[in-house]
Novice: 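Structure below; questions to follow.
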Amino acid sequence: MCGIVGYVGDKQAAPFLLDGMSKLEYRGYDSAGIAVYNKGKITIEKCVGRLADLRIKIKGHEPKGTVGIGHTRWATHGRPSDRNAHPHADESGQFVVVHNGIIENYLKLKEDLQAKGHKFLSETDTEVVAHLLADQYDGDFESTVKKVLRMIEGSYSFVFMCAKEPDKLICTKKDNPLIIGLGEGENFIASDIPAIIAHTRRTYIMSDGEIATVTKDGVWVQNIDGVPITKKVYEVTWNAEAAEKGGFQHFMLKEIYEQPKAIRDTMTGRVGKKEGEITFHELNWTKDAFADIHKIYIVACGTAYHAGIVGKYYLEKFARIPVEVDIASEFRYRDPLVDSHTLMIVISQSGETSDTLAALREAKRLGARTLAVTNVVGSSISREAQQVVYTYAGPEIAVASTKAYTTQLIVMLMLAIYVGNLRGTLDKTLAKQLTQDLKKIPEQLHSMLENVDQIKVFATQYGSCEDAFFLGRSLDYAVALEGALKLKEISYIHAEAYAAGELKHGTLALIVEGVPVIVLATQADVYPKTISNLKEVKAREAIVIAIALEGDHDIDKVADNVIYIPKTGKYLAPLLAVLPLQLLAYYAALTRGCDVDKPRNLAKSVTVE
Ligand code: AGP
C-alpha cells in the first residue's frame, strides 16, 4: 500500500508532492522520493527512511519544475534502500514511473530487457516498467503506455512521466486505488484522497482499466483500446482525518474490510492456475529440502501465535511433519529440543517483536533452519531469518491485528500444501479441493462484510457483559483463541477461549446465567461433541452465540443466536469464522466507548521483552 502523488500546473510541483506524501503516512512507508521535470530533464530525489529524511536531503535545493510525481514506498519486492525507492527511471532518465502494487511477471520482462542490453539499478518489480516504456516508445507516449500495459500482469496504480512529452502525466490502475484531483489551471493525482483534499474536493475516482492523461488544463480518460470514457466528478465530503481511514470510523474497521484484498494480494503469484499447485519462488524448496527435517517449531506472540496454532494443523495434516507451537517469550527458557534437523518458523506482522526475534536468534544458535512469515519487508526478523515469506496485507495501523492474521493463515495453508506436494504426503484430490476453496475466500469474505447488522446487534446486546467465553474444538478452538484476544484487547471484557472438551475440567464452574458464550461449530468431525458442549453451557443458562456453516439447521435448535458463515472446506473455515469474531470485538468496543485503534496499555509493535 504505497503512497502515490502527481502534480501538473503552474506552481512548483515539489511542495505539493512532499505535502501530499506526508498526508499518506498512514499507508506506511520505508522510503520516499520525487521526480520533477524542468527544461528537458527529469530530476529524481529519493532515499530510504522516513519522509523527513527526504526533506532533509533536498532542503534548500528542491527540484524545480511544475510537473512531477512522488512516492512513499511500502516494500514488497526488494528491501528498503535508496536504490529501491521510487520513482524509477530507465537508463536515459527520459521515462519515469511510480507504482503501487505487484507485477507478477516482472522477472520474465526483466530477463527479456536485460537480453536487449538494459541495465537495472534496483531489485524492484517497478523499475522494469520504466525500461519497458523506453524500449517500446514509438514517439507517442499514450500509445506507448497502452503497449506496455498489455505486457504487464499483476496489480498496480501507475503514474508515468516522459521528458519527451513533459506537459502531461499519464496514470492508470488495476486492483489498487487511484484518484485525480481537479483544480483550476492545475490537476493532482494521488493514491488516496488525503493527499489532495487541501487543494480540491472535486475528484475523478479511477476505475480498473481506465487510462488518464493529465495536463494542467484538463484530464482525458480512455480505455486501453482508445475508447474515450466520460468520468463523473465525485465531490469529497470527508474531513482529512476521515479520509485517512478511507471513510471508516477506525483503522481497525478499515483493515477488517481490507481482508479480501489483502488475502488476494497474498495469494498472487503463489496460487497457480493449475488446481492443487502452490509455488513460493522466494523459497525454491525441493523434495530433498525436507529429507533431514524431523520437526518444525512455530514460534510467535499474540495473534501471530494463534495463526501458528492453525499452521500446526495444516502442516501436520498435509506435510506429515511433527510441529510444535510455542509462545516466543516461553520458547527460549525451556531448553528447547532444537538442532539442525529442526525448521523454525517465526510469525510476526511487524517483524520487530523482541520476544519473537529473541526466539529466532536462539533457534539459529542451536542450529535450526529458519523461516520468517512477516508483513514488513526489511524488518529485523525478515533480515535475520535465513528465508522469509511475506504476507501482502499492507500496513496494519490498528493495534488489534486482523488482516495480518488472516493473511498469516493463508501463508501457513499455502506453505503446508507446498510442502505436502513436495513430500508427496498430500493427496492430489485434496490439494485441488484446497486451492479451489482458497480462491473463493476473498469473495466469501466480501459477501459476509456486506451484511454485518446481526453482529452489531449482538455486540450492543452483550457489550455490557464483563465476561465472555469462546469455545471450540480442533481448528475452531484455534480460532476461539483469536476471538477471545480480539474481544479482550479492545473492549476490555474479560474473555477466555477454551477447548470445548476442556470445559468440564474446571471452567464450567464459571458458566452462570446470562454469561455470553461464543461456540464455534464449523468442524464436522467434532460437531456432535461440540453440540454436547453447547448444551452443557445452555443447561447453566448461558447465552450462546454459535458460529456455524450455512445450511446447518440443527444448531439453531440449541443456540440462542447463530451467525452463519458461507460453506467452505473444514481447513478454510478459520478464515471465515474469525471475521464475525473480529467484528463482534470491534462493535462491542464501540458500545463501551473504548479507543478501538489504540487500546489502553498496548502497543502495535512490542519491541521490549
Ligand atoms: C494482536 O491483536 C495484538 N496486537 C498482539 O497480540 C500482536 O499480535 C503481537 O504483539 C505480535 O505482534 P507481531 O505479529 O507484530 O509479532
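Given the structure is predicted, the values throughout are model-derived calculations rather than measurements.
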Novice: Go through F160 and F95 one step at a time and tell me if the ring-ring contact (aromatic ring centres under 6.0 Å, His included) criterion holds.
Specialist: CA-CA 7 Å; F160 307 107; F95 297 88; 9.8 Å; no
Novice: Aromatic contact between Y204 and Y234, with the criterion being ring centroids under 6.0 Å apart: yes or no?
Specialist: no
Novice: Tell me whether the NZ or CZ atom of R369 lies within the 45° cone about the ring axis of F290 and under 6.0 Å from its centre.
Specialist: yes
Novice: Report the residue from K231, K174, K173 that forms a salt bridge (Lys or Arg N to Asp or Glu O under 4.0 Å) with E210.
Specialist: K231
Novice: When you compare the side chains of T43 and N38, does any donor N or O come within less than 3.5 Å of an acceptor on the partner?
Specialist: no
Novice: Without hydrogens or angle criteria, can the side chains of Q408 and T391 be said to hold a donor-acceptor pair below 3.5 Å?
Specialist: no
Novice: When you check the side-chain N and O atoms of S92 and D90, is any donor under 3.5 Å from an acceptor?
Specialist: yes
Novice: Could you check whether S401 and Q349, counting side-chain N and O atoms only, form a donor-acceptor pair closer than 3.5 Å?
Specialist: no
Novice: Is it true that T144 and Q136 share a donor-acceptor pair across their side chains at a distance under 3.5 Å?
Specialist: no
Novice: For R83, I'd like to know if atom CZ has over 12 heavy atoms of other residues, nucleotides or ligands within 6.0 Å.
Specialist: no
Novice: If only side-chain N and O atoms count, and only distance matters, is there a donor-acceptor pair under 3.5 Å linking E275 with T435?
Specialist: yes
Novice: Take atom NZ in K439; do more than 12 heavy atoms of anything else shown fall under 6.0 Å from it?
Specialist: yes
Novice: Please check if atom NZ in K598 has more than 12 non-hydrogen atoms from other residues, nucleotides or ligands closer than 6.0 Å.
Specialist: no
Novice: Could you tell me whether the side chains of K119 and Q114 share a donor-acceptor contact shorter than 3.5 Å?
Specialist: no
Novice: Without hydrogens or angle criteria, can the side chains of E127 and S122 be said to hold a donor-acceptor pair below 3.5 Å?
Specialist: yes
Novice: Once rounded to the nearest 0.5 Å, what's the spacing between atom NZ of K11 and atom CZ of F16?
Specialist: 10.5 Å
Novice: With side-chain hydrogen bond (donor to acceptor under 3.5 Å, both in side chains) as the test, pick out the partner of Y7 among Q12, K216, E186.
Specialist: E186
Novice: How far apart are the C-alpha atoms of K403 and E258, what are their side-chain angles, what is the distance that settles it, and do they pass the salt bridge (charged side-chain N to carboxylate O under 4.0 Å, His left out) test?
Specialist: CA-CA 7 Å; K403 62 177 182 173; E258 284 173 345; 2.6 Å; yes
Novice: Taking the ring of F158 and the ring of H99, is the distance between their centroids below 6.0 Å?
Specialist: yes
Novice: Between the side chains of D265 and T268, is a donor N or O closer than 3.5 angstrom to an acceptor N or O?
Specialist: no
